[in-house]
Engineer: 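Right, I'll just put the structure down here and ask away after.
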Amino acid sequence: VLISLISSCGRCRFCKKGMFSHCLTGGWLLGNSIDGTQAEYVRIPFADTGLYLLPPDADDEAMVMLSCILPTGLECGALNGQVKPGDVVAIIGAGPVGLATLLTAQLYSPAEIIMIDIDDNRLEAARSFGATKVVNSSDGKAVERIMALTQAAGVDVAIEAVGLRATFDICQAIIVPGGRIANAGVHGKPVEFHLERLWASNITLTTRLVDAGTTPMLLRMVQSGRLDAKKLISHRFQLSEIIKAYDTFANASKQHALKVVLKNAK
């Protein structure tokens, strides 16, 4: 089986709409309202409707990437942003979710994908993952650079993958009339929506939790080799080294960490 963060009863009105994250009796449980899954064995609520069966030859490490970040990047980023062939896309945040968005957005053949972050190491990773241009935003001049890269036109799709006011502001400043802003980042504080500038721009703003409804499709893409999920992994540790693994991820910039995988010794 493949563990997802989402548990689904499969019967309530949200499940019937495919919004499994809002299931009335399940939803976003693991790591949210109940403990997470860093253990040898995990008891999963609604396992009969909330898990996916893996093929026997599935690569365990690649499958871990399907449990959260790849469906998040696809659903909350690329699909909510309605990425289309020929679009100019900006992804603000080159962390694991932003990079997963980068990988999955390429499935829809955009003309350009501009990656924005404050970490040069992650921007280099983004370039190796397929970003056509990268912008370091640490000096506060990201908007000017993006507008210069797009001949002052802006971008068709801006995907926010951090969850900060500053990164949401970048999205609002670079979106073209008729463009789409997809919020994938988790916001813990309020942001300011500049309706005084955008009221006449016909933009679309979307938000969502990952529902993991795209997991079967992503699984097929990984199995066929069309999507290299293991590219997201930078470090591997044994389960007994979990403290070291957390320290590595906590110092992601210094350690050049993307996704950290825990392996159970056999």
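All figures in this text were calculated on a predicted structure; none of them were measured in a lab.
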Engineer: Check the pair Ile159, Val89 against side chain to side chain contact (heavy atoms under 4.5 Å, CB included), reporting the backbone distance first and the verdict last.
Structural biologist: CA-CA 8 Å; Ile159 299 171; Val89 178; 4.1 Å; yes

Engineer: Sequence neighbours excluded, which residues qualify as side chain to side chain contact (heavy atoms under 4.5 Å, CB included) partners of Ala166?
Structural biologist: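 Per chain and number, Ala166 pairs via side chain to side chain contact (heavy atoms under 4.5 Å, CB included) with no residue.
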
Engineer: With sequence neighbours excluded, what pairs up with Arg180 under the side chain to side chain donor-acceptor pair (under 3.5 Å) test?
Structural biologist: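 Residues passing side chain to side chain donor-acceptor pair (under 3.5 Å) with Arg180: Asp87.
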
Engineer: With salt bridge (Lys or Arg N to Asp or Glu O under 4.0 Å) as the rule and sequence neighbours excluded, what pairs involving residues 141-159 come up?
Structural biologist: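 Found Asp139-Arg145.
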
Engineer: Could I get the full list of salt bridge (charged side-chain N to carboxylate O under 4.0 Å, His left out) partners for Asp119, not counting sequence neighbours?
Structural biologist: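 In terms of salt bridge (charged side-chain N to carboxylate O under 4.0 Å, His left out), with neighbours along the sequence ignored, Asp119 is linked to no residue.
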
Engineer: List for me each residue that meets salt bridge (charged side-chain N to carboxylate O under 4.0 Å, His left out) alongside Arg127, sequence neighbours excluded, and say none if there are none.
Structural biologist: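 Once residues adjacent in sequence are excluded, the partners of Arg127 under the salt bridge (charged side-chain N to carboxylate O under 4.0 Å, His left out) criterion are Glu124.
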
Engineer: For Leu164, enumerate each residue passing the side chain to side chain contact (heavy atoms under 4.5 Å, CB included) test, keeping only those at least two apart in sequence or located in another chain.
Structural biologist: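 Scan of Leu164 (side chain to side chain contact (heavy atoms under 4.5 Å, CB included), adjacent residues dropped) gives Val162, Thr167.
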
Engineer: If the condition is side chain to side chain contact (heavy atoms under 4.5 Å, CB included), which residues does Ile34 pass it with, not counting sequence neighbours?
Structural biologist: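 Partners of Ile34 by the side chain to side chain contact (heavy atoms under 4.5 Å, CB included) criterion, ordered by chain and then number, come out as Leu29, Leu30, Pro45.
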
Engineer: Which residues satisfy the salt bridge (charged side-chain N to carboxylate O under 4.0 Å, His left out) test with Glu61, sequence neighbours excluded?
Structural biologist: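 Glu61 satisfies salt bridge (charged side-chain N to carboxylate O under 4.0 Å, His left out) with Lys230, Arg236, Lys263 only.
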
Engineer: Excluding sequence neighbours, so at least two apart, what forms salt bridge (charged side-chain N to carboxylate O under 4.0 Å, His left out) with Glu192?
Structural biologist: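 Per chain and number, Glu192 pairs via salt bridge (charged side-chain N to carboxylate O under 4.0 Å, His left out) with Arg165.
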
Engineer: Sequence neighbours left out, what pairs pass salt bridge (Lys or Arg N to Asp or Glu O under 4.0 Å) with at least one residue falling in residues 196-206?
Structural biologist: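 Qualifying pairs: none.
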
Engineer: Under 30°, 30 to 60°, or over 60°: which ring-plane class applies to Phe168 and Phe193, parallel, tilted or perpendicular?
Structural biologist: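 Correct class here is tilted.
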
Engineer: Only pairs under 3.5 Å count here: list side-chain donor-acceptor contacts from residues 104-113, not counting sequence neighbours, and write none if there are none.
Structural biologist:
from   : atom 1 : to     : atom 2 : distance (Å)
Thr104 : OG1    : Ala100 : O      : 3.0
Thr104 : OG1    : Thr101 : O      : 3.3
Gln106 : NE2    : Leu102 : O      : 3.0
Gln106 : NE2    : Phe129 : O      : 2.8
Glu112 : OE1    : Thr132 : OG1    : 2.5
Glu112 : OE1    : Lys133 : NZ     : 3.2
Glu112 : OE2    : Lys133 : NZ     : 2.9

Engineer: Kindly write out the residues that satisfy side chain to side chain donor-acceptor pair (under 3.5 Å) with Gln151, not counting sequence neighbours, or none if the list is empty.
Structural biologist: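 Testing Gln151 for side chain to side chain donor-acceptor pair (under 3.5 Å), a comparison that skips the adjacent residues, returns none.
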
Engineer: Step by step, would you call Cys23 with Phe14 a side chain to side chain contact (heavy atoms under 4.5 Å, CB included)?
Structural biologist: CA-CA 6 Å; Cys23 174; Phe14 293 112; 5.6 Å; no

